[in-house]
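Reading through the structure tokens given below for one structure.
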Amino acid sequence: MKKRLTALLENAVKDCAAKGLLPLGELPFVEVDAAKNLLHGDYASNVAMVLASRIRENPRKVAEIISRHVCDHDNILEKIEIAGPGFLNFFIREEAWAAMLEDVDKLRDSYGAPNLGDGRGVLVEFVSANPTGPLHIGHARGAAVGDVIANLLAVSGFSVCREYYINDAGSQMNNLGKSVKLRYLELLGEKVEFPEGCYQGDYIGQIAAEILKRDGDAYLAMDEEGVIRLFTDYAADVIMKEIKKDLHAFGVVFDIYVSERELYKDNRVARLLAELEEKGFIYRQGETLWFKTTAFGDEKDRVVIRKNGEPTYFAADIAYHQNKYSRGFDTVIDIWGADHHGYIPRMYAGIAALGREKDSLRIVLVQLVNLMRDGKPVAMSTRAGQFVTIKEVVDEVGRDAARYNFLMRRSDSHLDFDLELAKKQSNENPVYYVQYAHARICSILKRAGEQGYKIPAYEEADLHLLKLPEEVELIKTVTRFPEVVEGAAAAIEPHRLTFYLNELAATFHSYYNKNRVLSEDEGLSKARLFLVESVRTVLRNTLKLLGVSAPEEM
RNA sequence: GCGCCCAUGGCUCAGCUGGAUAGAGCGUCGGACUACGAAUCCGGAUGUCGCAGGUUCGAAUCCUGCUGGGCGCGCCA
């Protein structure tokens, strides 16, 4: 509806300009917004005021001129009013609203799928945790956000690839191998002390025990470095399998796992650095190589080759992003923990040096999660191996509640996640509120079937009968869905879906409590059945985008 | 010290690239099941949008300064 009005208005403005009624150079960006106040109609536009200030005219007069040139071919408008300082208020005919439900019936599962992408490729990289331990709750939010962003883009016509970057190179991995070895030695009766930086979670001991069981004390005789390398590989492999399993249980499946080590294998990092050096972005200072990120707005230059000859994480990351682009993606989305925000200018410098537009990389920051239980914070320490894993969260509160809770806030704002609250099947827990609405509708539809009703198609329902204010409101909320998806996809803001979902469920519940769907009046019953079926379709489609189930009963 | 983010009812948060009288949920108080599921609904109360200036027809939103909080400032990832 919003789109249609925008089009009407754009044509009107164009028409005015063509006829010379409004002396416009370039046409303005026409914006139509849903009106907040019923007195202001359904939608309002400020075009007239924007134009008026540009051409120094009276805004109300401009509004007047524009409104006279609106060509309402489809007869959707009741009237246009000019109000306040120069707003154009659009009043939509009730029939026009109901007519929009046709799309819901015809498109079904694909209702609300805007074609923003036109098949262009988007790479969404998320989670990307080191395989040094199981995923904990902090990763869970990033997983949920990334997954839903990918869903949103996929439904919006992009060809989406979900990717996990395995940081399996570098000193952290070495620490992993060392940690396993220490536990191994401990199991063989040696007394060991764990230095700073070593991983001490129980899973380390389990891995060491597996190795011991399989190969006994064979590694005691081998050289230290070789053992650590073997143990590192083995542990990373085991942990990565667990990570995949946990993600799967959380409803997140990746298309590709890219290994940092692989980037080094065919000298990609070295070749990239040579390339950048040729372009003049690299300089040498003693043993180290520096990248002139300040040339692209970073606050200081960054090291890419360390004194010891090893490339930095940053160097590999540029190579990784080059690799992403080389695979033909127009847009690359990185989802990072908010504690990495200082890294952003560096990364943009990196892609600028690769000759890529800034817009082609979008970085979404996900704030860390405050884990609570009954309102009290749960202490976590990664080093000591004390943390709540994603698996434990899924096991305890369930996948639906967990995902929904992670998606209820803007991703860049802090989130309190209360385990007890997420488990509660009560009105404090919004996920059940929307699922309940879905189950309720299913229940009505089932009852209708028992009474011999079939769910009517659009043509079979007389929607003129849906005249109640609650019905019109419900129809409006349902038909807003495509706009919500489009907005959420364009802004990369998945939380808009949960807010919308909550509103739709609320509008439905309210309607349900006031009115009966099934009554003696067959025509009305059919019209209402069609309406609630439309609500159900949108509830289901939204929940699907969120990766949350839409139960038929609960 | 420098940089980024945040500050909206008692609490947790929305507010869609400046728009009309700032909205939800929770909590609180009071109501609604002999009709499709009460995990629901209906009603009441609560705000100097951190403070002070500025930009303009118009600011929670943009700019500057201040206060208070989070994070970052490695040849870690």
Using a heavy-atom cut-off of under 4.0 Å over every strand shown, decide if A/Asn46 touches base, sugar-phosphate, or nothing. base

Shortest non-hydrogen contact from A/Thr132 toward A/Ile239: C-CD1, 3.7 Å

Check salt bridge (charged side-chain N to carboxylate O under 4.0 Å, His left out) between A/Arg540 and all other residues, then give those that pass, not counting sequence neighbours. A/Asp109

What protein N or O atoms touch nucleotides 54-56 of chain B N or O atoms at under 3.5 angstrom, if any, and at what distances?
none

Touch check for A/Ser413, heavy atoms < 4.0 angstrom, all strands: base, sugar-phosphate only, or nothing? sugar-phosphate

Run the salt bridge (charged side-chain N to carboxylate O under 4.0 Å, His left out) test against A/Arg536 and tell me which residues pass, sequence neighbours left out. A/Glu533

Side-chain N or O of A/Arg410 versus OP1/OP2 of B/C16: is the shortest distance under 4.0 Å? no

Separation of B/G37 atom C1' from A/His438 atom NE2, nearest Å, is 14 Å

Grab the CE-P distance between A/Met1 and B/C16 for me, whole Å please. 23 Å

With a sphere of 6.0 Å drawn around CD of A/Gln451, does it hold more than 12 non-hydrogen atoms of other residues, nucleotides or ligands? yes

Is A/Asp334 salt-bridged to A/Lys324, cutoff N-O under 4.0 Å? yes

Stems field, RNA chain B, Watson-Crick or wobble, 3.5 Å, at least 3 pairs, by first number, holds B:1-5 with B:69-73, B:10-13 with B:23-26, B:28-32 with B:40-44, B:50-54 with B:62-66

Sugar-phosphate, base or nothing in reach of A/Asp168, heavy atoms under 4.0 Å: nothing

Going by the rule salt bridge (charged side-chain N to carboxylate O under 4.0 Å, His left out), which residues pair with A/Asp301 if we only count those two or more places apart in sequence or in a different chain? none

Grab the OH-C1' distance between A/Tyr432 and B/G37 for me, whole Å please. 17 Å

Over how many whole Å does the gap from A/Asn513 atom CG to B/G31 atom P extend? 18 Å

Identify whether the distance between the nearest side-chain nitrogen and carboxylate oxygen of A/Arg373 and A/Asp418 falls below 4.0 Å. no

Go through the structure and list residues passing side-chain hydrogen bond (donor to acceptor under 3.5 Å, both in side chains) with A/Asp298, not counting sequence neighbours. A/Thr293, A/Arg302

Going by the angle between their ring planes, with limits at 30° and 60°, are A/Phe281 and A/Phe291 parallel, tilted or perpendicular? tilted

B/G53 versus B/G19 - spacing of their C1' atoms, nearest Å: 23 Å

Between the protein and nucleotides 43-47 of chain B, list every N/O to N/O distance that falls short of 3.5 Å.
none

Check the distance between B/C41's C1' and A/Tyr433's OH and give it to me in whole angstrom. 8 Å

Per the side chain to side chain contact (heavy atoms under 4.5 Å, CB included) rule, which among A/Tyr404, A/Tyr433, A/Phe481 passes with A/Leu501? A/Tyr404

Determine the interatomic distance between C1' on B/C36 and the same-named atom on B/C41; round to the nearest Å. 15 Å

How many whole angstroms separate atom CG of A/Leu263 from atom P of B/A77? 14 Å

Qualifying residues under side-chain hydrogen bond (donor to acceptor under 3.5 Å, both in side chains), relative to A/Tyr320, sequence neighbours excluded: A/Glu163

May I ask you to check whether over 12 heavy atoms, not counting those of A/Glu450, lie within 6.0 Å of atom CD? yes

Enumerate all atom pairs, one protein N or O and one N or O from nucleotides 6-9 of chain B, separated by less than 3.5 Å.
none

Taking any heavy-atom pair under 4.0 Å as a contact, classify A/Asn370: base, sugar-phosphate, or nothing. nothing

Touch class at under 4.0 angstrom, heavy-atom based, for A/Arg447 against every strand present: sugar-phosphate

In whole Å, what is the span from the CD atom of A/Gln451 to the P atom of B/C36? 11 Å

Contact nearer the 5' end of RNA chain B, comparing A/Pro311 with A/Tyr43: A/Tyr43

List in numerical order all residues of residues 484-500 of chain A for which some heavy atom is under 4.0 Å away from an atom belonging to RNA chain B. A/His495, A/Arg496, A/Phe499

With sequence neighbours excluded, what pairs up with A/Asp412 under the salt bridge (charged side-chain N to carboxylate O under 4.0 Å, His left out) test? A/Arg410

A/Leu88 atom CG is separated from B/G19 atom P, nearest whole Å, by 16 Å

Enumerate all atom pairs, one protein N or O and one N or O from nucleotides 71-73 of chain B, separated by less than 3.5 Å.
| residue | atom | partner | partner atom | Å |
| --- | --- | --- | --- | --- |
| B/C71 | O2' | A/His341 | NE2 | 3.4 |
| B/C71 | O2 | A/His341 | NE2 | 2.9 |

Taking all heavy atoms of A/Arg440 and all of A/His509, pick out the closest pair and write down the distance. NH1-ND1, 3.0 Å

